[in-house]
Colleague: 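Please find one structure pasted underneath; my questions will follow.
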Amino acid sequence: MAKRYWLFKSEPDCFSIEDLAASPDQTAHWDGVRNYQARNLLRDDVKKGDEVLFYHSSAKPTGIAGLCVVSRAGYPDHTAWDPDSEHFDPKARPDNPIWYMVDVTLKKKLPETLPLKVLKETAGLEEMMVTQRGARLSVQPVRPNEWKIIRKLLRDYL
DNA sequence: GCCAACGTTGGC
DNA sequence: GCCAACGTTGGC
């Protein structure tokens with residue numbers, strides 16, 4: 001299977017690129033996804049070696065904060081059956097995990113966030129979910145040509 | 001804080 | 001299974 005590309009959204013108040021950079025081996029689990037469509041992607045489609053845009057939502061500014069790589073494919077999100085977790089789901093059990101997570105490892109923290117505004121103004125990114133209003137999915141596939149455009153943007157913009 | 005766009009829930 | 005009400009997300 002060819003390497004795929006993804007955009008993962010997180011509110012930096014909850015988990016930021018700085019938090020990932022400060023994690024052991026700059027690696028962390030991407031837990032707390034509680035949306036079935038995103039869950040299905042994490043469980044079935046996100047594979048080790050896939051590349052990820054780390055997106056800060058509800059931030060100043062909102063946009064791409066860094067690049068990561070998937071270091072472990074989907075496995076049960078144990079925070080779901082931890083009553084102390086913010087993302088506790090009373091229906092989840094170890095033998096019926098419901099929710100899944102992956103591990104991500106930091107590749108590059110950008111010196112500054114590439115703003116959503118710039119993505120919206122860039123030709124070729126019009127069909128990206130993140131540039132369309134109301135696209136709330138927290139795990140979004142990124143097309144290879146979009147990845148290429150964004151990599152070039154990152155070189156030119158920063 | 002506002003509000004549009006979703007997703008989920010629950011009565012029927 | 002429909003759909004209205006409600007809750008959440010997330011840009012602005």
Colleague: Do A:Ile98 and A:Tyr36 come close enough that some side-chain heavy atom pair is under 4.5 Å?
Modeller: yes
Colleague: So does A:Lys9 get a side-chain nitrogen or oxygen closer than 4.0 Å to the phosphate oxygens (OP1/OP2) of C:dG11?
Modeller: no
Colleague: Starting at CZ of A:Arg136 and ending at P of B:dC3, how long is that distance when rounded to a whole Å?
Modeller: 18 Å
Colleague: Tell me: NE2 of A:His56 to C1' of C:dC12, nearest whole Å?
Modeller: 19 Å
Colleague: Could you tell me how far apart A:Asp89 (CG) and B:dT8 (C1') are, to the nearest whole angstrom?
Modeller: 13 Å
Colleague: For A:Lys120, report the nucleic acid contact type (base, sugar-phosphate, nothing); a contact means any heavy atom under 4.0 Å.
Modeller: sugar-phosphate
Colleague: Between A:Lys91 (NZ) and B:dT8 (P), how many Å, whole number?
Modeller: 11 Å
Colleague: Hey, does A:Asp103 have a side-chain heavy atom less than 4.5 Å from the side chain of A:Tyr75?
Modeller: yes
Colleague: Separation of A:Arg39 atom CZ from B:dG7 atom P, in whole Å?
Modeller: 15 Å
Colleague: Answer yes or no: is there a side-chain heavy-atom contact under 4.5 Å between A:Arg143 and A:Glu127?
Modeller: yes
Colleague: Which one, C:dC12, C:dG10, B:dG7, comes nearest to the side chain of A:Ser57?
Modeller: C:dG10
Colleague: Is the ring centre of A:Trp6 less than 6.0 Å from the ring centre of A:Phe54?
Modeller: no
Colleague: CG of A:Leu137 versus C1' of C:dG10: gap in Å, rounded?
Modeller: 13 Å
Colleague: Expressed as a whole number of angstroms, how long is the span from A:Lys117:NZ to C:dG11:C1'?
Modeller: 14 Å
Colleague: Can you tell me the distance, in whole Å, between the OH atom of A:Tyr36 and the C1' atom of B:dG7?
Modeller: 11 Å
Colleague: If you check the A:Arg133 side chain, which of C:dG10, B:dG7, B:dA5 turns out closest?
Modeller: B:dA5
